[in-house]
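Whatever order the structure lists ligands and atoms in, that order sets their numbers, starting from 1.
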Amino acid sequence: MTHQPEAAQAATPTSAKEILKRSAGYFKPHKFIITIACIAMLITGLSSAGIAWLVKPALDDIFINGDRQALFWVPIAFVVLTLVKGGTRLAQNYLMQIASLKVLEVLRDELYRKVIMLPLRFFEHSQVGVLMSRIINDVAAVRVSMPTIVLMLRQVISAASLLVVVFYQDFRLAMWAIIGLPLAFFPFVYFARRLRKLGRKSQEQTADITALLQESLSGVRVVKAFCTEDEEAKRFDKNNKRLLTLNRKECLANESSSAVMELVGALGVAVVIWVGGMQVIEGKTTPGTFFSFVTALIMMYEPVKKFTGANNALQRALAGAERIFGLLDDPRLTVEQGGNMELDTPFQSLAFQNVSLTYADGTQALKDISFTVQAGERIAIVGPSGAGKTTCVNLIPRFYDPSEGRILVNGLPVQEYTLPSLRHAVSLVSQDNFLFNLTVEENIAYGIANVNREAVIEAAKAAYAHDFIEALPQGYDTVIGERGVKLSGGQRQRLTIARALVKDAPLLILDEATSALDSESERTVQKALDNLMEERTSIVIAHRLSTIINATRIMVMEGGRVAAMGTHQELLASSPLYAKLYTMQYQSNGEGA
Ligand code: ADP
């Protein structure tokens, strides 16, 4: 079993009643449709009973007494009852499906909304695939819960109406017939428990498989590069086999439950034939009564069987619902909270005051960081890998909040500002040039309302992206494949730079790419970045010589602390760490800049 994240596992087994109550809440808005469906269902049950009852006049009046009137009305009644039964059943099923599809839609939306609103740290502990499975598979399970209950109810009504016929036709015989009923209770409860447990496990396994799929397909380049296709296929196969085993067990439990219930039913019928046959032979009852009785009894078999089947499906649905509500109702999973102030004044300053940060896993990534950035400055952050550079910049748009200390923008703590206004004021251009499966234009204007084509083109030009975009099959309307596979690394970077240009935030945070581009692309990307940094305050995690040379100040980080701060010349003279970094990292890759 792969590592399960906190939230995906949050579901603790709750009682079936509670889960059902929670599910029922989602069906409540559709109570009108459901009521009509239930009325239809009642009629279906009554017409079933009516059909069984008809056997008596058919046999006694037509076949034994030769009643011509009955010969006329019994067949008509039979057709009419069948028609009513079929029609109402169709209406009931269709209406229930409509209600449940609507519930599915609402629940899926609600879950997605909940997940996408969660803070970033949640996603670091969660496997994307497991979340995907929650939203797709488990929600589908909830959808069947209510219709299944209604289906069970219908079976109960059918069985009850037939039971009335059975008792009406021959009370004593009916008592004999239901003698086996208490016997059926124990296997029923046993199989229900077992199926719910298996259902829970197989939903978990499905989530694991989705996670594995998501991971290996999005990391397919690594898989190819390391030639691990075979290992991945084996890993998949192992998980797939586990699912197969679970499904096999479910199937066995399902079928055995039918077989056992059938046997219990057969015992009842056997007793009835024996006792009833004797009564007919002894002339104590008419064949019509007896056959009507047996027909009703045999017809009862159908709803009882369906009831068991529906209960099996319900147990599976409960297992899914339990996980969904576990995620939806987990009090630990809270939506990101911002303040009430709008950050709408021009950017003036950013200040870190004694900021420390410890990650959830205990890693102390930042220790007592203090620095100030004034509008118009260009700050370069340098330091060995793991020094805390990325963590430090991630605090500015509040991807994380400091464990200690404060971060001020324009003199106010960042927590005071609304999240949208804070995040709109900051442009983050990272190494992860994520592009969506949207058109080039939509990618460039991502998240910005009311951008016209001219502004997009202008940004693309400044990002040196216009020419290659024009050369694409549909220009700005070309849809970019998953993770931008159709574009080169440099082109993807320039698109994300264009995106930041359109966003036009006053504060720019740039994580310079370490991935090697050929020097031609490197130069174009650099020129695009220069355009982007112009007239903006920027904080750059520096990997290029030109960046540190042109920076107003350089912040040297080591082990989560600020080791030194100053201009290139000052630091060369005062900081041995900087001098070492400079010789090792920047001088060597300076040619491209
Ligand atoms: P840099 O960008 O300078 O390479 P980072 O800010 O990425 O450094 O990392 C600083 C330290 O924090 C490292 O020890 C890293 O392993 C740790 N770290 C980074 N991100 C996380 C995280 N999400 N959870 C736990 N530890 C993290």
Original post:
Which heavy atom of the protein is the closest neighbour of atom 23 (N) of ligand 1, given with residue, atom name and distance?
Top reply: Glu124 OE1, 2.7 Å
Original post:
Going by the atom numbers of ligand 1, which of them fall below 4.0 Å from some non-hydrogen atom of Tyr400?
Top reply: 23 (N)
Original post:
In Å, rounded to the nearest 0.5 Å, how long is the span from CD1 of Ile396 to CD1 of Ile509?
Top reply: 4.0 Å
**OP:** Number the atoms of ligand 1 from 1 as they appear, then name those within less than 4.0 Å of a heavy atom of Ala365, with their elements.
**Re:** 11 (C), 12 (O)
**OP:** State if Gly388 counts as touching ligand 1 under the rule of any non-hydrogen atom under 4.0 Å.
**Re:** yes
**OP:** Give the ring-plane orientation class for Phe436 versus Tyr446, where under 30° counts as parallel, over 60° as perpendicular and anything between as tilted.
**Re:** parallel
**OP:** Name the closest protein heavy atom to atom 4 (O) of ligand 1, giving the residue it belongs to and the distance to 0.1 Å.
**Re:** Gly386 N, 2.7 Å
Original post:
For ligand 1, which atoms have a heavy atom of Thr391 less than 4.0 angstrom away?
Top reply: 5 (P), 6 (O), 9 (O), 10 (C)
Original post:
Is Gln205 reaching over with its side chain to a backbone N or O of Asn239, donor-acceptor style, under 3.5 angstrom?
Top reply: yes
Original post:
Just by distance, do the side chain of Lys580 and the backbone of Ser575 share a donor-acceptor pair under 3.5 Å?
Top reply: no
Original post:
What protein heavy atom sits nearest atom 21 (C) of ligand 1, and how far off is it?
Top reply: Tyr359 CE1, 3.2 Å
Subject >> Side chain, backbone, both or neither: the part of Phe399 lying under 4.0 Å from ligand 1 by heavy atom >> reply: neither
Original post:
Is there a donor-acceptor pair under 3.5 Å between the side chain of Arg423 and the backbone N or O of Pro397?
Top reply: yes
**OP:** For ligand 1, note which part of Thr390 has a heavy atom under 4.0 Å away: side chain, backbone, both or neither.
**Re:** both
Subject >> For Thr552, side chain to side chain contact (heavy atoms under 4.5 Å, CB included) partners two or more places apart >> reply: Glu377, Arg378
Subject >> atom 16 (O) of ligand 1 protein-contacted (non-hydrogen atom, under 4.0 angstrom) >> reply: no
Original post:
Is there side-chain contact between Ile497 and Asn531, with at least one heavy-atom pair below 4.5 Å?
Top reply: no
Original post:
For ligand 1, which atoms sit closer than 4.0 Å to a heavy atom of Ser385?
Top reply: 4 (O)
**OP:** Look at atom 14 (O) of ligand 1 and say which protein heavy atom is nearest, naming residue and atom and giving the distance to 0.1 Å.
**Re:** Thr363 CG2, 3.8 Å
**OP:** State plainly whether the residues Lys114 and Asp329 are in salt-bridge range, i.e. N to O under 4.0 Å.
**Re:** no
